[in-house]
Number of protein chains: 2
Amino acid sequence: MIQNLSEHQREDLLEALAQGGQKVTPQREVVYAVLLAKRDHPTVDEVFQRARESMPGLSLATVYNCLETFVGCGLVRQVNHERESTRYCPNLAPHAHFRDESTGRVHDIELPAHVLSTLRSILPNGFETDSIEISFHGHTKNSRTHTSN
Amino acid sequence: MIQNLSEHQREDLLEALAQGGQKVTPQREVVYAVLLAKRDHPTVDEVFQRARESMPGLSLATVYNCLETFVGCGLVRQVNHERESTRYCPNLAPHAHFRDESTGRVHDIELPAHVLSTLRSILPNGFETDSIEISFHGHTKNSRTHTSN
DNA sequence: CTGAGGTTTTGAATCATTCTAAACACCCAC
DNA sequence: GTGGGTGTTTAGAATGATTCAAAACCTCAG
Ligand SMILES: [Mn+2]
Ligand SMILES: [Mn+2]
Ligand SMILES: [Zn+2]
Ligand SMILES: [Zn+2]
């Protein structure tokens, strides 16, 4: 069962939505809470399953709608890996993703500022970036129990 | 109309396929030739259209099959951008991709070895990478006519 | 010849995502 | 309070890239 949003989190949600003239709704609260509760980069369907436990009437279409809205207002990032279902991530700090091919899990990898600028530096003149996506793909050696949240 | 493969290119194809007990076929030659002819990261459908000009009976499924085979034997890379159709790239040198959101074009960005190692260095212990994908997304300022091939 | 194995072809199936249209909810003006 | 207007949610249909299944094809070794 999903925890309610903290005052602070609700504030973030409100603020992010407000700048596009959009409102906080019970559905959006639940979906956002699901993302914050377990930062394991769930798919739309996983978000749907988890959210339904708190709000049984919730529809899949609404989960799609909410997530799209969040991405639109910069509250959440989309994470794509090859041709798999899109996953969602509420971590706003600059980071890369590591996809463990044996477990299927996706881990956040912190991205230091100097790495980002090194990356930008490889672009020839005339290329103006608005986003960079970095994804690693591999295995994790044991010891990596890493219970993310 | 697609040029035939050069001796050298045919050799690469033969060799790559051989290591998996697979053979050169007319369809595979045409599909590979299409990729080499215009390195603009075509989608399956674009490859299909272009290949059909040289080989009218060719089927879409075969194009899927050939491309999967090439990816399997490391002759070609798959390029994914967000949720769009998969694109294919015969450039085997380490490189990143830049997706120009106004034209939809995908450009290769050379990836110096030191950048690659900087990237690898951000992985915590226990993470073993077998591939890294880097994609930029943005616009290109004019002057960038850059007729790739 | 003949059979085995890999390849190609067609058409159907899958499945994540998007679209459509109708029901809702909330807010403001009257 | 009543009637709209506007954004939101819902169920279900539609889409579209990709995958699958099965039959026809080829090639080559025996
Ligand atoms: Mn691998
Ligand atoms: Mn953009
Ligand atoms: Zn993340
Ligand atoms: Zn490329």
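Values in this document were obtained by computation on a predicted structure and should not be read as measured data. Every chain is numbered from 1, with letters handed out A, B, ... down the list of sequences. Only this structure's heavy atoms are used, side chains among them; waters, hydrogens and symmetry mates stay out.
Not counting sequence neighbours, the partners of B:Gln49 by the side chain to side chain contact (heavy atoms under 4.5 Å, CB included) test are B:Asp45, B:Arg52. The side-chain hydrogen bond (donor to acceptor under 3.5 Å, both in side chains) search around A:Glu53 returns none, not counting sequence neighbours. Residues meeting the side chain to side chain contact (heavy atoms under 4.5 Å, CB included) test with A:Glu128, sequence neighbours left out: B:Lys141. Here A:Ser59 pairs with A:Thr62 under the side-chain hydrogen bond (donor to acceptor under 3.5 Å, both in side chains) rule; sequence neighbours left out. Applying the side-chain hydrogen bond (donor to acceptor under 3.5 Å, both in side chains) criterion to A:Ser131, with sequence neighbours excluded, gives B:His137. Residues satisfying the side-chain hydrogen bond (donor to acceptor under 3.5 Å, both in side chains) criterion with A:Ser121, sequence neighbours excluded, are absent altogether.
Every pair passing side chain to side chain donor-acceptor pair (under 3.5 Å) that includes a residue from residues 71-80 of chain A is listed here, sequence neighbours excluded: A:Arg77-A:His95, A:Gln78-A:Tyr88, A:Asn80-A:Thr86, A:Asn80-B:Arg83. Within the structure, every pair that satisfies the side chain to side chain donor-acceptor pair (under 3.5 Å) test and touches residues 16-35 of chain B, not counting sequence neighbours, is listed here: B:Arg10-B:Glu29.
In the 5' to 3' direction, nucleotides of DNA chain D lying under 4.0 Å from heavy atoms of chain A begin and end at D:dT8 to D:dT18.
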| task | List the protein contact pattern of nucleotides 5-24 of chain C with one symbol per nucleotide (5' to 3'): B for base contact, S for sugar-phosphate-only contact, - for none; contact means a heavy-atom distance under 4.0 Å. | result | --SBBB-----SBB------
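When only modelled atom types and interatomic distance are considered, B:His41 and B:His97 share a side-chain donor-acceptor pair under 3.5 Å.
Within residues 12-20 of chain A, no residue approaches DNA chain C, by heavy-atom distance under 4.0 Å.
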Listing, residues 63-70 of chain B side-chain donor-acceptor contacts under 3.5 Å, not counting sequence neighbours, or none:
unit_1	atom_1	unit_2	atom_2	d
B:Asn65	ND2	B:Ala61	O	3.4
B:Thr69	OG1	B:Asn65	O	2.9

